[in-house]
Amino acid sequence: MYTFSLYIIKAILPLVALFNKKIHLFVSGRKTVWTTLTAKLDPHTRYVWIHTASLGEFEQGLPVVKALKKQGYKILITFFSPSGYEVRKNTPDADIVVYLPLDTPANARKFVQMVNPAMAIFVKYEFWVNYLTELKKAQVPTYLLSGIFRKNQIFFKPYGGMMRQALHSFTHFFVQNELSQQLLKNLGFNNVTVSGDTRFDRVAEILERDNHLDFVEQFKGNNLCVVFGSSWATDEDIYLQYINTCTAPVKFIIAPHNIHPTDIAELKHNQQKLNRKVALFSEKDSLNLSDYHVLIIDTIGILTKVYSYADIAYVGGGMGTTGLHNVLEPAVFGVPVIIGKNYEKFNEAKELVTLGGVLSVSTKEEFAQVMNNLVTSPEKRIAIGNINRQYINEKQGATKAFLQAITSP
């Protein structure tokens, strides 16, 4: 049934691609996988194959990628989603980057035989039955990195036998927490280590980069700066009223998740939504940004650097059902982080809400109250920001634990 459903999906996707840009990239990008591998694979080299679902998982696995490259390994990275591949297809951290072909038996067999990886690493929660089966047949050491398991997953359902069997292909599981370890042990797996989450190592590296952005410095000046990162329309419903009515000397930067020109224009020009003096990133070279109250980032790839200028950050996705975005990226800079009400599936958000470093709001009134408290109190901002900084410092080390385990005799 699993493989049959994949063939059905394979047949339907080209039709859907005619009407959906993301699906079009999903389909068209996979047409060149085999030719790319044929052209780029060195037959005399054993690659480490690292599979990531999308951009977030790529960032999660990046500390391990960098460490393995330093040890002399060649790196092959596969993506499932266009939102990862299209952004990182030219990353200098990998030797080859391709889409993962659909998990049919023929594709899996061809891919594993062609790549012949020295080891395979799946990041967080990617479980493709046929690929795992072929890796086990080929006796390729296979690891789950920063894995997370929950009781409601198919592995723990009466009908999840095939997926449970696929787990036997893993040489070792490196999981984020004790619950994941216990759930696997309940299935009879003892090859499990609670190593933590490599994302903490990844975000810690952000502090070592050059995060300087001239245009943000011009825009911010000596004012407080609030950054809204990866926000959706449901998030805008919470914070736009505050932006419109704020009289304090605060500058606001909005980095929407969706940067389609039509949506950006709607946000900028609809004064019922946003009634302040607004500039776009794409206009920055022709404007005196210091004259503006709001700066909209209508590009991708710079949000992490923008966060470095935040005195307060709001991370989007938590007001709707799309999923909360990464709260660690702003938290690493030691600033208060505000999120929406839906964050139960995100362990670091839950822990930081409990600790007080992340503040959850449900309404525009709650948001305004939290903002007013933070804007008027430098002491509160510093105290809350220090909670986030200390939390990330204490959670580092997953990369080191993984590397020590896979290289130990």
Side-chain angles (χ1 to χ4, degrees), residues 54-56 83 216 219 224-246 248 250-276 278-281 292-307 309-331 333 335-346 348-350 352-353 357-375 381 384 388:
S54 191
L55 186 58
S83 57
V216 176
F219 170 74
L224 283 180
C225 183
V226 181
V227 176
F228 300 90
S230 301
S231 63
W232 297 74
T234 50
D235 300 298
E236 293 171 6
D237 291 341
I238 292 292
Y239 66 71
L240 286 181
Q241 179 176 295
Y242 180 85
I243 294 178
N244 289 335
T245 58
C246 179
V250 179
K251 293 293 187 84
F252 301 96
I253 300 178
I254 302 174
H257 179 77
N258 184 356
I259 60 168
H260 189 279
T262 302
D263 297 295
I264 293 294
E266 167 71 12
L267 180 59
K268 179 184 178 182
H269 297 294
N270 186 343
Q271 292 189 348
Q272 291 181 322
K273 292 179 69 174
L274 186 55
N275 189 19
R276 299 297 295 270
V278 181
L280 301 182
F281 167 84
Y292 291 79
H293 305 121
V294 179
L295 175 62
I296 298 176
I297 307 298
D298 55 343
T299 188
I300 60 174
I302 63 171
L303 176 57
T304 302
K305 290 188 175 186
V306 172
Y307 276 138
Y309 290 91
D311 297 288
I312 303 165
Y314 178 97
V315 175
M319 282 308 302
T321 59
T322 56
L324 179 67
H325 291 275
N326 191 348
V327 300
L328 299 179
E329 288 185 349
F333 293 106
V335 299
V337 177
I338 306 171
I339 61 172
K341 59 188 176 180
N342 300 318
Y343 59 90
E344 286 301 310
K345 292 183 178 180
F346 302 87
E348 67 281 358
K350 288 168 58 178
L352 282 170
V353 168
V358 169
L359 309 171
S360 173
V361 298
S362 300
T363 65
K364 61 184 68 176
E365 292 76 19
E366 286 183 6
F367 176 81
Q369 182 178 1
V370 168
M371 281 295 301
N372 287 333
N373 288 337
L374 293 174
V375 166
R381 295 197 302 271
I384 293 172
N388 290 331

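- Of all non-hydrogen atoms in Y292 and F219, the two that sit nearest each other are O-CE1, 3.4 Å.
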Quiz item: Can I338 and M371 be said to form a side chain to side chain contact (heavy atoms under 4.5 Å, CB included), step by step?
Solution: CA-CA 9 Å; I338 306 171; M371 281 295 301; 3.7 Å; yes

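- At a threshold of 4.5 Å between non-hydrogen side-chain atoms, the residues L240 and L267 count as touching.
- Minimum heavy-atom separation, Y309 to C225: O-CB, 3.5 Å.
- Between V294 and I254, some side-chain heavy-atom pair lies under the 4.5 Å cut-off.
- Other residues, nucleotides and ligands place no more than 12 heavy atoms under 6.0 Å from the CD atom of Q272.
- Ring pair F367/Y239 is tilted by interplanar angle, where 30° to 60° counts as tilted.
- A donor-acceptor pair is defined here as one N or O able to donate and one able to accept, closer than 3.5 Å; such a pair exists between the side chain of N372 and the backbone of A368.
- With a 4.5 Å cut-off on side-chain heavy atoms, K268 and L280 count as touching.
- Within the 4.5 Å cutoff, the side chain of L274 has heavy atoms near those of the N244 side chain.
- Looking at N326, V337, I253, V315 one by one, the single match for side chain to side chain contact (heavy atoms under 4.5 Å, CB included) with Y307 turns out to be V315.
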Practice problem: Output, in order, the C-alpha distance, side-chain angles, deciding distance and verdict of side chain to side chain contact (heavy atoms under 4.5 Å, CB included) for L328 and E348. | Solution: CA-CA 8 Å; L328 299 179; E348 67 281 358; 4.0 Å; yes

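- Between I384 atom CD1 and N373 atom CG the span is 8.5 Å, to the nearest 0.5 Å.
- Residues I302 and F281 meet the side-chain proximity criterion, which asks for heavy atoms closer than 4.5 Å.
- Note that NE2 of H325 is 12.5 Å distant from CD1 of I339, once rounded to the nearest 0.5 Å.
- No side-chain heavy atom of I312 sits under 4.5 Å from any side-chain heavy atom of Y314.
- Rounding to the nearest 0.5 angstrom, the gap separating the OG atom in S360 from the CD atom in E366 is 7.5 Å.
- Separating the NE2 atom in H257 from the CG atom in L303 is a distance of 11.5 Å, to the nearest 0.5 Å.
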Exercise. Would you check, one step at a time, whether the test side chain to side chain contact (heavy atoms under 4.5 Å, CB included) holds for D235 with F228?
Key: CA-CA 9 Å; D235 300 298; F228 300 90; over 6 Å; no

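- How far CD of E344 is from CG of L324: 11.0 Å, rounded to the nearest 0.5 Å.
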Self-check item: Worked verdict on V335 versus N388 for side chain to side chain contact (heavy atoms under 4.5 Å, CB included)
Solution: CA-CA 7 Å; V335 299; N388 290 331; 5.8 Å; no

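- Once rounded to the nearest 0.5 Å, the distance linking NZ of K251 with NE2 of H293 reads 7.0 Å.
- A 4.5 Å side-chain heavy-atom check between I297 and L295 finds at least one atom pair inside the cut-off.
- L224 places a side-chain heavy atom less than 4.5 Å from the side chain of R381.
- Across I264 and P256, no two heavy atoms sit closer than the pair CD1-CG, 3.9 Å.
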